[in-house]
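Input: a single structure, listed below in structure tokens.
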There are 2 protein chains.
Amino acid sequence: MPADALLALEPRKTPVQARSAVTVQSISEATIQVLLSQGAERLTTTRVAERAGVSVGTLYQYYPNKRSLLFAVLENHLNKVAARVEAVCESARHKPLAGMIQEMAEAFVDAKMERADISVALYRISTGLGGPLLVKQVGQRLRRAVEAMLGTATDAKSPPDKFAVEIMLSAMGGAMRSLLEAGSNPSPATVRKAREQLVLLCQSYMAAATAKRV
Amino acid sequence: MPADALLALEPRKTPVQARSAVTVQSISEATIQVLLSQGAERLTTTRVAERAGVSVGTLYQYYPNKRSLLFAVLENHLNKVAARVEAVCESARHKPLAGMIQEMAEAFVDAKMERADISVALYRISTGLGGPLLVKQVGQRLRRAVEAMLGTATDAKSPPDKFAVEIMLSAMGGAMRSLLEAGSNPSPATVRKAREQLVLLCQSYMAAATAKRV
DNA sequence: TCCTTTGATGAAGGATTCTTCAGGTTTGGT
DNA sequence: ACCAAACCTGAAGAATCCTTCATCAAAGGA
């Protein structure tokens, strides 16, 4: 893979004045909106600019190409979710295992649900080039945070299995995705139930996985 | 949504001679190949035809448009996987719960792994219009099969929760996806470990979910 | 106030892509 | 051998799309 494939994704110019900061923000928002209303196939730089209320030229002043725009939006969202889960993982140390997992899983569900529209929109581009890579990176980052937390469990079982943690996280992510993509924004009751069930899923699996260690 | 959006996805003509059957098959295969080597973005009807060794016109004799081609390939794969899991669900009735789950989960992993290339390729288009719908339908179909199986468990707990089964299936699917998209085709050792862990995940969750019922 | 930087505009070039159709080739029955 | 049906071809029309650049407007320090 060519080295400039990554460089071409970096933003082109950073806003220095206030109005341009607004512009960049509205371009980001417009990307989500177009993604939701038209789909990834019909997402066009022109359409995004139109929806943002600026001209195409303006868009290209901050993003060198279409892909870099999508990449930036995706990266931004993933980082926010990861940061929130990491924070919870740090503050939940030195507790019993079940409680730690519960806090972590709930934080994950909440972070995704809070702006369900963004999540749904981004699923539609998470498959493009660079997407799986980002997801993988963030996944690793999350895994490390969870592992560090689990290491401090008061009811210390054997240390958690690296592979098992990965499985747990991707399973949780998959279930959330399926739920969000299922259609109309889920009712509060559904969200409650999902939280509860995902907590149960993670708890029971982690308990089984750490116990099984010989 | 317009009604003809679905009709436009139906195949245009069904092969009657032997050579045309070969042609459509090679078009299907070529679609996978192009998807893997070029990505969804660069998948072109012309490129698919080229790779299949036929001309574009031929392709359009069997598929009314590009989307119908992708839809057909995706549908075919999902149906195969679903059929296999359903078959196992039927033959695994009247056993203890843990054993049933194990057979089901292993069948799922095997079905996905057997042609990992197809799975990976199709993830790249499963997000297009009609994709989530198909996935949802197949998910429901699978859920019913699993529920029917669980109802016959010899160590009968309370009947399984509908929502919980959905969670389990989507979690399993998500974990598999993450694994497959992680990159280079996983080693046999990784596959073994994945099978084992996914079985554990499903077993422990189902046990916890049925036990929790009041 | 004046001038340099920063920000915004949008028409147009260049490149792809989807899809059709008029005309040729192959197959299989009679 | 003959013919109708099935099948294949691929150049070309019509529609988008990405990206650039010459030009204009706003901002803010000197």
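Keep in mind that the numbers below use all heavy atoms, side chains included, and drop hydrogens, waters and symmetry copies. Naming convention: chains lettered A, B, ... in sequence-line order (proteins, then strands); numbering from 1 in each chain.
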Between the protein and nucleotides 1-10 of chain D, which nitrogen or oxygen pairs are less than 3.5 angstrom apart?
{"residue": "dC7(D)", "atom": "OP1", "partner": "Val16(B)", "partner atom": "N", "Å": "3.0"}
{"residue": "dC7(D)", "atom": "OP1", "partner": "Gln17(B)", "partner atom": "N", "Å": "3.0"}
{"residue": "dC7(D)", "atom": "OP1", "partner": "Ser20(B)", "partner atom": "OG", "Å": "2.7"}
{"residue": "dC7(D)", "atom": "O4'", "partner": "Arg19(B)", "partner atom": "NH2", "Å": "3.3"}
{"residue": "dC8(D)", "atom": "OP1", "partner": "Thr23(B)", "partner atom": "OG1", "Å": "2.6"}
{"residue": "dC8(D)", "atom": "OP2", "partner": "Tyr62(B)", "partner atom": "OH", "Å": "2.9"}
{"residue": "dC8(D)", "atom": "N4", "partner": "Gln61(B)", "partner atom": "NE2", "Å": "3.4"}
{"residue": "dT9(D)", "atom": "OP2", "partner": "Ser55(B)", "partner atom": "N", "Å": "2.9"}
{"residue": "dT9(D)", "atom": "OP2", "partner": "Thr58(B)", "partner atom": "OG1", "Å": "3.1"}
{"residue": "dG10(D)", "atom": "N7", "partner": "Ser55(B)", "partner atom": "OG", "Å": "3.2"}

Please identify each residue that fulfils side chain to side chain donor-acceptor pair (under 3.5 Å) with [X], with sequence neighbours left out.
{"X": "Ser91(A)", "answer": "none"}
{"X": "Glu114(A)", "answer": "Arg84(A)"}
{"X": "Gln38(B)", "answer": "Arg42(B)"}

With [X], which residues qualify under side chain to side chain contact (heavy atoms under 4.5 Å, CB included), at least two apart?
{"X": "Thr31(A)", "answer": "Ile27(A), Leu43(A), Val48(A), Leu69(A), Leu70(A), Val73(A)"}
{"X": "Gln102(A)", "answer": "Glu106(A), Val199(A), Gln203(A)"}
{"X": "Arg141(B)", "answer": "Asn79(B), Ala82(B), Ala83(B), Glu86(B), Arg144(B)"}
{"X": "Val109(A)", "answer": "Met113(A), Met176(A), Arg195(A), Leu198(A)"}

Self-check item: Nearest heavy atoms of Val165(A) and Arg143(A), plus distance in Å
Solution: CG1-CG, 3.7 Å
Self-check item: Pairing residues for Glu29(B) by the salt bridge (Lys or Arg N to Asp or Glu O under 4.0 Å) criterion, not counting sequence neighbours
Solution: Arg115(B)
Quiz item: 5' to 3' on DNA chain C, which nucleotides open and close the contacts with chain A (atom under 4.0 Å from a heavy atom)?
Solution: dT6(C) to dG10(C)
Self-check item: Within residues 29-49 of chain B: residues closer than 4.0 Å to DNA chain D (heavy atoms)
Solution: none
With a cut-off of 3.5 Å and sequence neighbours excluded, list every side-chain donor-acceptor pair involving residues 16-24 of chain B.
{"residue": "Gln17(B)", "atom": "OE1", "partner": "Arg19(B)", "partner atom": "NE", "Å": "3.3"}
{"residue": "Ser20(B)", "atom": "OG", "partner": "Gln17(B)", "partner atom": "O", "Å": "3.0"}
{"residue": "Thr23(B)", "atom": "OG1", "partner": "Arg19(B)", "partner atom": "O", "Å": "3.1"}

Quiz item: For the pair made of CG in Leu69(A) and C1' in dT19(D), what is the distance, rounded to whole Å?
Solution: 14 Å
